[in-house]
Each structure stands twice: as structure tokens, then as C-alpha cells.
Amino acid sequence: MIFKSLAVVGAGTMGNGIAQVAAVAGLNVVMIDVNETALSKGLSTLTANLGRLVDKGKLDAASRDSALTRIGTSTDYQRLSTADIIIEAATENVDLKIRILKQIESVARADAIIASNTSSISITALGAVLNDPTRFIGMHFFNPVPVMALVEVIRGLQTTESTVNAVRELTERLGKSPIGVTNSPGFVVNRILVPMINEAFFVLAEGVATAEEIDAGMKLGANHPIGPLALADLVGLDVCLSVMDVYLKDFGDSKYRACPLLRELVAAGRLGRKAGWGVYKY
């Protein structure tokens, strides 16, 4: 399949990042969200990110301007009807994603691929709500999308080989490196990463070390570029909690219980960088 157009539902951090890399790669892009405010914010973020790439010499001004001309925004799902691939990039909430995926399928072309950027929810289960789950797949991008090279390409039980191959080729066209993953809670990276972050909260709650010392320990002792608590703030503490709750439910194993401190911080609205305060203040 030759992809010429891509649509993304959700203009937030992940959605506008996906739109950015797709437009830079030469695809025509449309971002869909619930209101013009969300779309304006997403487009503004995307434009600023492209500007920084120009300032750093990683993208020329002509390429930036060309990419921006290929990006459209809308609140109308009918705009999805011409897209070769539609990526759902909404908040990590099962009911919300199911509702959006059904809306997508109702307007998508019969040969269009439908993907979800979920970081933890079963691709098989999400695909089961569609009339044609064979063309449904997981494309898990990482934050920040323009910077991170990896995309987990997740095959649901119903996903066809042709869908997998087409999405792997598209991923490479976007300048990313795909890894093939069989559907399982958390897939590969987050299955390992989020429980590590959760354990860092237990260490903090037990007073073993301060947040700064925990992060310094993992940076200096494990060669991580960022400490687990600072990473939690970057990802969003609410997202980390949601993922842990999914693991606990799906695996039924108590090792995936969320740290009470993590749950308490989320309850207090201390969600990380996006809220100005998580483990650290910003």
C-alpha cells in the first residue's frame, strides 16, 4: 500500500507529534479533535517544534513551510473519509477509545488502515469492536514523537499480515524504527518501564532516598538519560497510574499494584510537567 494521506484523532502531545512527522515525511495530514481550542493548541505546538528544528539546523525553512501546508485541522470526522491510514491518539481510556474507533470506522474507506496509539490497552480487544478488525493495528509512538525513534507495531489476534507489513513500511517512511510485537498488556517497552517507575515511587515513599537521589542513582548507575521520577513527571503521573491499573487487572498479579504515593499524587492533581507539579515543581 502506498500511503499518501494520514489522519490523526487527537491533537494533544502524541497526536500533534504524529502529525508533525507525517507532514515532514511528505504525507497530507488532517488532525481531528473535539473543538477548535484543542486543534489550535496542537497546531501551535507543532509549528513551534518545527521552528526549533529550523533553528537547530535539522530542518530547512522551505521544508518546514511545505510541511505546514500539508496539515489541516477539523472537528468533523467526515474529513477522515479520504485518509489512507487513521491513527487514534486519544487519552488512555478504554471507553473513549472504543467510541472514537467506532466513529472512525463509520466514515473510513473500506481499504483504509485504522490504528491506535495506545500504550497499554489490548489491540485484540479494541479491534473486536470494529466490523473489520483485520485492518486494525497498534502503532505505539513514544513521547516526544519527533525525537523518539521507536514505534511498537502491535498485531492483534485478527490483524492481517498485509496490514502489519504496510504499517511497518509506513513507520520507516516516517523515519522511525519499528519493532514487531504480539498483543500483550503493555507490549514491550512499557511492560518493563512503567513497573520500574512504580518501584521508584515505592522507594521514595519508604524514605530510602530523596527524589533527586533516586533519579541521580539511575542516571549515574544505570546510564539512563533521565531518572524514573523525572520521567514519570514527563509522561504524566495519571498515565503511569492508569497503565499500572491496566496491568493489575489484565495480569491479575499483585506485583503490578500501583504505589499508594503515586495514586495520592494523582488524586491531588499533581500530574507532572503538564500540571506544573508532580514529583518536582516546574
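It should be emphasised that the depicted structure is a prediction, and the values quoted were computed from it without experimental measurement.
- Between the side chain of N117 and the backbone N or O of E88, no donor-acceptor pair lies under 3.5 Å.
- Considering all non-hydrogen atoms of both residues, A19 and L46 come closest at CB-CD1, 3.9 Å.
- Using a 4.5 Å cut-off between side-chain heavy atoms of Ile, Leu, Val, Met, Phe, Trp and Tyr, with links allowed through other members, V189 and L174 fall into different hydrophobic clusters.
- When only modelled atom types and interatomic distance are considered, T134 and Q158 share no side-chain donor-acceptor pair under 3.5 Å.
- No side-chain heavy atom of T163 sits under 4.5 Å from any side-chain heavy atom of F136.
- Between R191 and Y256 there is a side-chain heavy-atom pair separated by less than 4.5 Å.
- Taking the side chain as every heavy atom from C-beta outward, T118 and K97 approach each other to under 4.5 Å.
- Applying the side-chain hydrogen bond (donor to acceptor under 3.5 Å, both in side chains) criterion to D111, with sequence neighbours excluded, gives R109.
- Remark: the S122 side chain and the N183 side chain contain an N/O donor-acceptor pair separated by less than 3.5 Å.
- Here the straight-line distance linking atom CG of L271 with atom CH2 of W277 works out to 12.0 Å at 0.5 Å rounding.
- Surrounding CD of E264 are at most 12 heavy atoms belonging to other residues, nucleotides or ligands under 6.0 Å away.
- The minimum heavy-atom distance linking H140 with F187 is given by the pair ND1-CD1, 4.4 Å.
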Handout entry: Trace of the side-chain contact (heavy atoms from CB on, under 4.5 Å) decision for F251 with S184
Key = CA-CA 10 Å; F251 286 114; S184 179; 4.2 Å; yes
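- When each of L130, L80, I32 is checked for a side-chain contact (heavy atoms from CB on, under 4.5 Å) with I104, only L80 meets the rule.
- Between the side chain of S5 and the main chain of T82, a donor-acceptor pair closer than 3.5 Å is present.
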Exercise for the section: Before giving the answer on side-chain contact (heavy atoms from CB on, under 4.5 Å), spell out for N49 and Q20 the whole-Å C-alpha distance, their side-chain angles and the decisive distance to 0.1 Å. Expected result: CA-CA 9 Å; N49 287 341; Q20 176 183 325; 3.3 Å; yes
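- Residues V153 and I137 have side chains in contact (heavy-atom distance under 4.5 Å, counting atoms from C-beta outward).
- Distance alone, capped at 3.5 Å, places no donor-acceptor pair between the D250 side chain and the P185 backbone.
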Handout entry: Working for side-chain contact (heavy atoms from CB on, under 4.5 Å), residues V147 and F142
Key = CA-CA 9 Å; V147 175; F142 288 76; over 6 Å; no
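- Within the 4.5 Å cutoff, the side chain of R135 has no heavy atoms near those of the T160 side chain.
- Nearest heavy-atom pair, L43 versus M31, reported as atom, atom and distance to 0.1 Å: N-CE, 4.0 Å.
- Using a distance-only test at 3.5 Å, with no hydrogens or angles considered, no donor-acceptor pair links the side chain of S44 to the main chain of K41.
- The nearest pair of heavy atoms linking N190 to S119 is ND2-CB, 3.3 Å.
- Using modelled atom types and a 3.5 Å distance limit, the side chains of S81 and Q78 yield no donor-acceptor pair.
- Side-chain atoms of V24 and L50, non-hydrogen and from C-beta on, do get closer than 4.5 Å to each other.
- Under the 4.5 Å side-chain criterion, counting only non-hydrogen atoms from C-beta, F202 is not in contact with L261.
- I113 and Y77 fall into different hydrophobic clusters, defined by Ile, Leu, Val, Met, Phe, Trp and Tyr side-chain heavy atoms under 4.5 Å apart, directly or through other members.
- Atom CG of L204 and atom SG of C259 lie 8.0 Å apart (nearest 0.5 Å).
- Atom CG of L237 and atom CD1 of I197 lie 9.0 Å apart (nearest 0.5 Å).
- Using a 4.5 Å heavy-atom cutoff, the side chains of L27 and R173 are in contact.
- Residue M148 is not grouped with residue V21 when hydrophobic side chains (ILVMFWY) are merged at heavy-atom distances under 4.5 angstrom, including chains of intermediate members.
- Panel note: side chain E152, backbone V188; a donor-acceptor pair is recorded below 3.5 Å.
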Exercise for the section: Report the C-alpha distance between T159 and V164 in whole Å, list the side-chain angles of each, state the deciding distance to 0.1 Å, and finish with yes or no for side-chain contact (heavy atoms from CB on, under 4.5 Å). Expected result: CA-CA 7 Å; T159 310; V164 173; 3.9 Å; yes
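- Under a hydrophobic-cluster definition in which Ile, Leu, Val, Met, Phe, Trp and Tyr are linked whenever side-chain heavy atoms come within less than 4.5 Å, directly or via other members, I114 and V181 are assigned to the same cluster.
- In this structure, OG1 in T171 is found 8.0 Å from CZ in R168, a value given to the nearest 0.5 Å.
- For N93 and T91, the side-chain atoms include no donor-acceptor pair closer than 3.5 Å.
- Closest of all the heavy-atom pairs between L241 and A258 is CD1-CB, 3.5 Å.
- The minimum heavy-atom distance between G156 and T124, with the atom names listed, is CA-OG1, 3.5 Å.
- Side-chain atoms of R270 never come within 3.5 Å of backbone atoms of L265 as a donor-acceptor pair (strictly under, hydrogens ignored).
- By the criterion of side-chain heavy atoms lying less than 4.5 angstrom apart, applied directly or through intervening Ile, Leu, Val, Met, Phe, Trp or Tyr residues, I18 is grouped together with M139 in one hydrophobic cluster.
- In the model, E92 has a side-chain atom that pairs as donor or acceptor with a side-chain atom of S120 under 3.5 Å.
- Atom CZ of residue R263 and atom CE of residue M244 lie 9.5 Å apart, to the nearest 0.5 angstrom.
- Under a cut-off of 6.0 angstrom, the local environment of NZ in K274 is crowded, with over 12 non-hydrogen atoms contributed by other residues, nucleotides or ligands.
- Of the N and O atoms on the side chains of D60 and S63, at least one donor lies less than 3.5 Å from an acceptor on the other residue.
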Which pairs of donor and acceptor atoms, one on a side chain in residues 226-235, lie under 3.5 Å apart (sequence neighbours left out)?
residue	atom	partner	partner atom	Å
D233	OD1	V279	N	2.9
D233	OD2	V279	N	3.2
D233	OD2	Y280	N	3.0
D233	OD2	Y282	OH	2.7

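- In this structure, L170 CG and N165 CG are separated by 12.5 Å, a value rounded to the nearest 0.5 Å.
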